[in-house]
Trainee: 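My questions all concern the structure below.
Naming: A, B, ... by sequence-line order, numbering from 1 per chain.
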Number of protein chains: 2
Amino acid sequence: MANRIPAAAIQQYSQEHLREVLNTAGRRLTPQREKVLSLFQNLGLGHHLTADDVHHHLKQAGNRVSLATVYRSLKLLVAMRLLDEGEWQEGLRCYELRQGGGKIHHHMVCMCCDHTEEFVSEVITAASRDMSKVAGFELTEVRLILRGICRRCRQRSKATASTFS
Amino acid sequence: MANRIPAAAIQQYSQEHLREVLNTAGRRLTPQREKVLSLFQNLGLGHHLTADDVHHHLKQAGNRVSLATVYRSLKLLVAMRLLDEGEWQEGLRCYELRQGGGKIHHHMVCMCCDHTEEFVSEVITAASRDMSKVAGFELTEVRLILRGICRRCRQRSKATASTFS
DNA sequence: ATGGATGCAAATATTTTGCATGCCT
DNA sequence: AGGCATGCAAAATATTTGCATCCAT
């Protein structure tokens, strides 16, 4: 369903980009920053991790990195547009690898099992651009999240009483 | 631009609904809960407040309410679908009055001045339903956020160097 | 040596929870 | 009386920041 771009291509591009931009600004591509980005690249597109998730993954892989640095790196990578930040699951701030080429994509999140599916819709993308143009708005990002129940979960449970705590 | 519904109608509906549902479940419509909902209703559709904002507003209006209760009330009202929760501005969890009749609407947020505009797009709504149907997904909510720079801010600043901290 | 980046710990900020008390039915 | 809700404070989380130190140029 999603319009995937070869992971290798992205990896090359991102690493290049990152080193280049940082150097130009007199800053560095440290092992920690590289590791954070690599983690997302190895997982591939569509994986959502919290700052804490990232920290755990890196530690588990034997890397020396502090949670504070993870936060700082994530913020940097988002500012450099290599990662996207979002709250796909209620109350959890997560990060994901940004698709190369500025390809706009959307998310379909199951409120039952939290499974996230990505998809691309030219119609929605075009409509977003139209609405922006009309409003004199310079569009930078489109974030669409469809929330509901996925096919699997629907089949599993037929009658569910709606409850509130 | 937004498709507004008479505030009075919503107010009636919500208050009714709230009291009714709560009573049925053996629970109560307390002054605090009423005040939290009223705040959003008085502000009207399209206003985004954090839990802390709500608390401040209520205290300032001379109400006796604790922040903890505000959190609890917001959670309840969201569960009852009277409010929507979202992270429209980076890193801020906000709440807004839910539009009656399940009318789907979207947000256009200026990253410069944080001004938020609402709009309705039948095209996007239809496309969202289509994508869901194809995926066997039971659609409950559509959340679209367009982020960028609004007309005013664009005119104010012409040359802006992109920086990352 | 210079200045950016890191780790650590402390400081903040945000949200949740335990518990005694109050209030409605 | 019985039980839900509240306030308050403490606890649990989440995120940021100060500072000494480390490291690359």
Side-chain angles (χ1 to χ4, degrees), chain A residues 18-39 48-59 61-80 82-83 85-95 163-165, chain B residues 18-39 48-59 61-80 82-83 85-95 163-165:
Chain A
L18 182 52
R19 193 179 298 278
E20 191 178 301
V21 177
L22 285 175
N23 285 343
T24 303
R27 299 176 71 180
R28 303 179 210 141
L29 176 54
T30 62
Q32 285 89 343
R33 289 171 181 177
E34 214 170 330
K35 287 286 166 42
V36 171
L37 180 57
S38 294
L39 173 59
H48 302 152
L49 304 180
T50 63
D52 208 50
D53 289 338
V54 172
H55 187 227
H56 273 102
H57 270 91
L58 296 184
K59 296 289 276 190
N63 297 290
R64 171 182 171 72
V65 62
S66 71
L67 182 56
T69 295
V70 169
Y71 272 109
R72 287 186 278 230
S73 299
L74 289 173
K75 187 168 283 194
L76 178 72
L77 294 171
V78 168
M80 296 183 70
L82 292 173
L83 296 183
E85 185 185 50
E87 191 172 328
W88 293 286
Q89 296 167 222
E90 225 51 69
L92 282 185
R93 199 178 312 182
C94 293
Y95 298 83
T163 52
F164 47 83
S165 58
Chain B
L18 182 51
R19 193 178 299 277
E20 191 178 303
V21 178
L22 284 175
N23 284 343
T24 304
R27 300 177 69 179
R28 303 178 207 142
L29 176 55
T30 62
Q32 286 88 342
R33 290 171 179 176
E34 213 170 331
K35 286 285 165 43
V36 171
L37 181 57
S38 293
L39 174 58
H48 301 151
L49 304 180
T50 63
D52 208 51
D53 290 338
V54 172
H55 188 225
H56 273 101
H57 270 91
L58 295 184
K59 295 289 277 190
N63 297 292
R64 170 181 172 74
V65 62
S66 70
L67 183 54
T69 294
V70 168
Y71 272 108
R72 287 186 278 230
S73 298
L74 288 173
K75 187 169 283 192
L76 177 73
L77 293 171
V78 168
M80 296 184 69
L82 292 173
L83 296 183
E85 184 186 51
E87 192 173 326
W88 293 286
Q89 296 168 221
E90 225 51 67
L92 282 184
R93 199 178 314 181
C94 293
Y95 299 83
T163 51
F164 45 85
S165 57

Trainee: For Arg19(A) and dA5(C), give me the distance from atom CZ to atom P, rounded to whole Å.
Mentor: 14 Å
Trainee: Take atom CG of Leu76(B) and atom C1' of dT15(C), then tell me their distance rounded to the nearest Å.
Mentor: 17 Å
Trainee: Within the distance-only criterion (no hydrogens, no angle test), does the side chain of His55(A) pair as donor or acceptor with the backbone N or O of Tyr71(A) below 3.5 angstrom?
Mentor: no
Trainee: Counting just side-chain N and O atoms, does Arg28(A) come under 4.0 Å of either OP1 or OP2 of dT25(D)?
Mentor: no
Trainee: Glu87(B): which residues meet the side chain to side chain donor-acceptor pair (under 3.5 Å) condition with it, sequence neighbours left out?
Mentor: none
Trainee: Would you mind reading off the distance between Asn23(A) atom CG and dA24(D) atom C1', rounded to a whole angstrom?
Mentor: 11 Å
Trainee: Please enumerate all residues that pass side chain to side chain donor-acceptor pair (under 3.5 Å) together with Glu85(B), with sequence neighbours excluded.
Mentor: Tyr95(B)
Trainee: Side-chain atoms of residues 30-37 of chain A: list all donor-acceptor pairs with protein atoms under 3.5 Å, sequence neighbours left out, distances to 0.1 Å.
Mentor:
unit_1, atom_1, unit_2, atom_2, d
Thr30(A), OG1, Arg33(A), N, 3.3
Arg33(A), NH1, Arg28(A), O, 2.8
Lys35(A), NZ, Asn63(A), OD1, 3.1

Trainee: For Cys94(B) and Thr50(B), run side chain to side chain contact (heavy atoms under 4.5 Å, CB included): C-alpha distance rounded to whole Å, both residues' side-chain angles, the deciding distance at 0.1 Å, then the answer.
Mentor: CA-CA 4 Å; Cys94(B) 293; Thr50(B) 63; 3.8 Å; yes
Trainee: Measure the distance from CG on Leu22(A) to P on dT25(D) and round it to the nearest whole Å.
Mentor: 13 Å
Trainee: Given dC8(D), is OP1 or OP2 found less than 4.0 Å from the side-chain N or O atoms of Ser66(B)?
Mentor: no
Trainee: Taking only side-chain N and O atoms of Thr30(A), does any of them lie within less than 4.0 angstrom of OP1 or OP2 on dT6(C)?
Mentor: yes
Trainee: What is the separation between atom CD on Glu34(A) and atom P on dA5(C), rounded to the nearest whole Å?
Mentor: 14 Å
Trainee: With the sugar-phosphate defined as primed atoms, P, OP1 and OP2, and the base as all remaining atoms, what B/S/- string results for nucleotides 15-21 of chain D, 5' to 3', for protein heavy atoms under 4.0 Å?
Mentor: BBBB---
Trainee: Measure CZ/Arg33(A) against C1'/dC22(D) and give the value in whole Å, please.
Mentor: 14 Å
Trainee: Over how many whole Å does the gap from Leu58(A) atom CG to dT6(C) atom P extend?
Mentor: 12 Å
Trainee: Starting at atom NE2 of His56(A), determine the distance to atom P of dT13(D), rounded to an integer number of angstrom.
Mentor: 12 Å
Trainee: Where the side chain of Arg27(B) is concerned, which of dC8(C), dA5(C), dA5(D) is the nearest nucleotide?
Mentor: dA5(D)
Trainee: Could you pull out all residues at least two apart from Asn23(A) that satisfy side chain to side chain donor-acceptor pair (under 3.5 Å)?
Mentor: none
Trainee: Could you list the residues that satisfy ring-ring contact (aromatic ring centres under 6.0 Å, His included) with His48(B), not counting sequence neighbours?
Mentor: Trp88(B), His107(B)
